[in-house]
Amino acid sequence: CTSIVAQDDAGKLYHARNLDFGLFMGWDVKNHTWLITEYLRPLVVNVNFTRGGKTAYKSVNFAGYIGLLTGIKPNAFTITLNERFNIDGGFVGMLEWIMGQRDGHWTSFLTRTVMDKASSYDEAMSMLTKEVILAPVYYIVGGVKSGEGAVVTRDRTKLDNVMAMNTTAGEWYVLETNYDNWTNPPFFDDRRADAKKCMDYSGKKGVGFPSIFDVLSTKPVLNQLTTYTALMQVNAGTLETYIRECPHPCYPW
Amino acid sequence: QVLPPYTEDCQHGMYANHARCAGMPPTFEVNLDQDPSVRWNGVVQHKKKELVAMIGQIKLLVGAISPKIITAVDQYLPELIQKLPEPYGAEIQGIAKASGLPDGEILLFNIFYEIFTV
């Protein structure tokens with residue numbers, strides 16, 4: 001996955017992501033594609049959650065999947081969830097949960113609960129940094145005010161790191177793939193460098209759906225695992241989703 | 001770069017013509033005022049065929065590791081649904097009922113993202 005929160009010259013925030021999923025889950029030798037990824041793409045739907053006849057929040061879901069991996073609460077905040085690979089991963093948390101230790105939240109249920117209960121960026125950040133969860137993940141959060149953008153690196157039981165957008169230092173975006181921001185990504189999967197190169201190339205002046213879509217459409221940020229690209233603008237409550245395809249030659253991840 | 005990892009120059013003008021896209025997904029309303037067991041019915045009715053195909057593929061992959069896992073999924077996972085916080089347990093049961101798939105297999109789909117962080 002690749003998630004980006006960026007702001008333009010006026011401090012208007014944009015949040016976008018590629019959702020990549022299906023690694024090592026069946027390789028179609030004939031078509032050179034990941035099987036599960038191919039099955040997931042037709043399941044992509046936009047969901048408008050309503051309460052009292054009004055929009056409470058919006059998300060991009062796979063039909064049949066009730067957690068929230070990409071969501072926007074209009075005029076409040078945006079969240080995306082990226083996988084964080086770890087040997088002490090979700091498998092361990094799930095086993096503990098099955099064995100009866102149920103104090104932890106499922107990671108994508110927590111994001112839905114946050115969408116439901118929190119009403120501001122600060123409240124969302126508080127919940128996403130403090131609650132116990134079942135799997136290590138990255139929560140990427142955007143708000144409505146200038147500078148409200150952060151990557152929350154979570155261990156199952158504790159907060160590992162918060163990388164907030166430091167606008168006083170001239171930062172205008174935060175970007176997360178699937179590796180800790182304080183380490184170098186592995187040489188065989190350095191989407192971070194490519195995405196950053198393209199963000200820096202387009203520049204702060206050009207920030208908007210078109211420029212961020214271009215970044216997320218550049219290989220290998222776009223790759224054979226990419227199921228969809230979502231673009232969100234919190235003030236307008238806009239959510240645009242595009243089911244993706246990566247023409248050959250395209251890297252498998 | 002025509003050799004792996006197939007990097008390329010930063011792209012331009014992709015948004016205007018929706019390049020490298022296979023389309024835009026449909027939008028559904030999920031009414032939170034409705035009972036959790038029926039609120040996803042609209043989504044499932046439209047995507048039932050695709051959901052059944054997806055679960056079938058997951059079962060093939062998991063079954064290739066060990067067919068016993070699928071037996072365990074059908075036997076034990078439904079019990080765990082009762083332990084999920086509301087409204088999530090009822091939502092999973094509702095999706096299973098609307099799709100005609102076993103409760104445990106819908107739960108399996110829902111825990112996939114959680115498990116594969118390993």
Side-chain angles (χ1 to χ4, degrees), chain A residues 21 25-26 35-36 39-52 56 63-67 69 83-87 89-91 93-94 98 102 106-109 134-137 194 197-198 201 209-210 213-215 217-220 222 241-247 249-251, chain B residues 2-16 18-33 40 43-44 46-48 50-51 53-58 60-61 64 76 80 83-85 88 91-92 95 99 101 106 109-118:
Chain A
F21 191 70
M25 283 190 259
L35 276 171
I36 290 294
Y39 278 91
L40 278 175
R41 287 193 183 109
L43 285 172
V44 178
V45 292
N46 290 325
V47 178
N48 192 3
F49 289 90
T50 61
R51 184 175 283 126
Y65 186 87
I66 62 171
L69 304 173
E83 273 185 303
R84 186 185 182 202
F85 306 117
N86 195 322
I87 197 69
F91 191 70
M94 190 61 60
I98 288 170
R102 302 206 173 92
W106 293 32
T107 55
S108 62
F109 288 179
L134 295 191
V137 290
D194 291 279
K197 180 185 74 180
C198 294
Y201 186 71
F209 280 3
F213 188 85
D214 283 340
V215 174
S217 300
T218 300
K219 301 173 190 174
L222 179 76
T241 312
Y242 300 89
I243 300 167
R244 302 312 303 262
E245 57 189 6
C246 190
C250 182
Y251 207 47
Chain B
V2 294
L3 293 170
Y6 309 127
T7 53
E8 60 185 1
D9 291 334
C10 298
Q11 297 296 295
H12 292 283
M14 307 290 271
Y15 181 72
H18 297 176
R20 298 178 176 177
C21 289
M24 295 174 84
T27 300
F28 296 93
E29 182 185 337
V30 170
N31 184 350
L32 297 169
D33 295 321
W40 288 94
V43 180
V44 177
H46 279 84
K47 291 288 181 182
K48 185 177 172 178
E50 292 86 349
L51 181 59
M54 170 78 200
I55 301 282
Q57 189 57 43
I58 291 175
L60 275 177
L61 289 170
Y76 299 114
L80 294 175
K83 313 285 185 194
L84 287 173
Y88 306 121
E91 287 187 8
I92 285 178
I95 289 169
S99 64
L101 290 163
I106 297 295
F109 180 40
N110 275 272
I111 63 178
F112 240 54
Y113 204 81
E114 217 85 22
I115 286 177
F116 273 84
T117 50
V118 77

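A note on names: the letters A, B, ... follow the listed sequences, proteins ahead of strands, and every chain is numbered from 1. This structure is a prediction, so every number in the text was calculated from the model and none was measured.
If you measure heavy-atom distances from B:Ile58 to chain A, the contacts under 4.5 Å come from both the backbone and the side chain. The part of A:Ala56 that comes within reach of chain B is its side chain, from C-beta onward, which places non-hydrogen atoms under 4.5 angstrom from that chain. Residue A:Leu69 touches chain B through its side chain alone, counting heavy-atom pairs closer than 4.5 Å. Within the 4.5 angstrom heavy-atom criterion, no atom of B:Ile55 approaches chain A. With a 4.5 Å cut-off on non-hydrogen atoms, A:Pro210 touches chain B through its backbone and its side chain both. Proximity to chain A (any heavy atom under 4.5 Å) is restricted, for B:Ala19, to the backbone atoms N, CA, C and O. Heavy atoms closer than 4.5 Å to chain A are found in both the backbone and the side chain of B:Leu51. When heavy atoms are compared at a cutoff of 4.5 Å, B:Lys83 approaches chain A by way of both its backbone and its side chain. Interface remark: A:Phe109 contributes backbone and side-chain atoms alike to the contact with chain B (heavy atom separation under 4.5 Å). When heavy atoms are compared at a cutoff of 4.5 Å, B:Leu80 approaches chain A by way of both its backbone and its side chain.
Taking a 6.0 Å sphere around OH of A:Tyr201, one finds it holds 12 or fewer heavy atoms contributed by other residues, nucleotides or ligands. Remark: B:His18 NE2 is packed, more than 12 non-hydrogen atoms of other residues, nucleotides or ligands lying under 6.0 Å away. Heavy-atom contacts from other residues, nucleotides or ligands closer than 6.0 Å to NZ of B:Lys48 number 12 or fewer.
For the set B:Ala53, B:Gly13, B:Pro85, B:Pro26, the count of heavy-atom pairs under 4.5 angstrom toward chain A peaks at B:Pro26. Heavy-atom pairs under 4.5 Å with chain A were tallied for B:Phe109, B:Tyr88, B:Tyr76; the largest tally goes to B:Tyr88. Options A:Leu222, A:Val215, A:Asp194, A:Leu43 differ in how many heavy-atom pairs under 4.5 Å they form with chain B, and the most are formed by A:Leu43. Counting heavy-atom pairs under 4.5 Å between each of A:Ile66, A:Ile36, A:Val45, A:Ile98 and chain B puts A:Ile66 at the top. Options A:Glu245, A:Met94, A:Arg41 differ in how many heavy-atom pairs under 4.5 Å they form with chain B, and the most are formed by A:Glu245. Note: B:Arg20 leads B:Arg20, B:His46, B:Glu50, B:Glu91 in heavy-atom pairs under 4.5 Å with chain A. The candidate with the highest count of non-hydrogen atom pairs below 4.5 Å against chain A, out of B:Gly23, B:Ala64, B:Ser99, is B:Gly23. The candidate with the highest count of non-hydrogen atom pairs below 4.5 Å against chain A, out of B:Met24, B:Gln11, B:Lys47, is B:Gln11.
Looking only at distances, a side-chain donor or acceptor of A:Lys219 sits under 3.5 Å from a matching main-chain atom of A:Pro249. Listed for the A:Asp214 side chain is a donor-acceptor partner under 3.5 Å among the backbone atoms of B:Met14. B:Asn110 places a side-chain N or O within donor-acceptor distance of the main-chain N or O of A:Gly64, the cut-off being under 3.5 Å.
Every residue two or more places apart in sequence or in another chain that forms a disulfide (SG to SG under 2.5 Å) with A:Cys198 is listed here: B:Cys10. Checked against salt bridge (Lys or Arg N to Asp or Glu O under 4.0 Å), A:Arg102 has no partners two or more places apart in sequence or in another chain.
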Might you work through the side-chain contact (heavy atoms from CB on, under 4.5 Å) test for A:Tyr251 and B:Thr7, ending with a clear yes or no?
CA-CA 8 Å; A:Tyr251 207 47; B:Thr7 53; over 6 Å; no

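Counting only heavy atoms from C-beta outward, the side chains of A:Tyr242 and A:Ser217 never approach each other to under 4.5 Å. Within the 4.5 Å cutoff, the side chain of A:Tyr65 has no heavy atoms near those of the B:Ile95 side chain.
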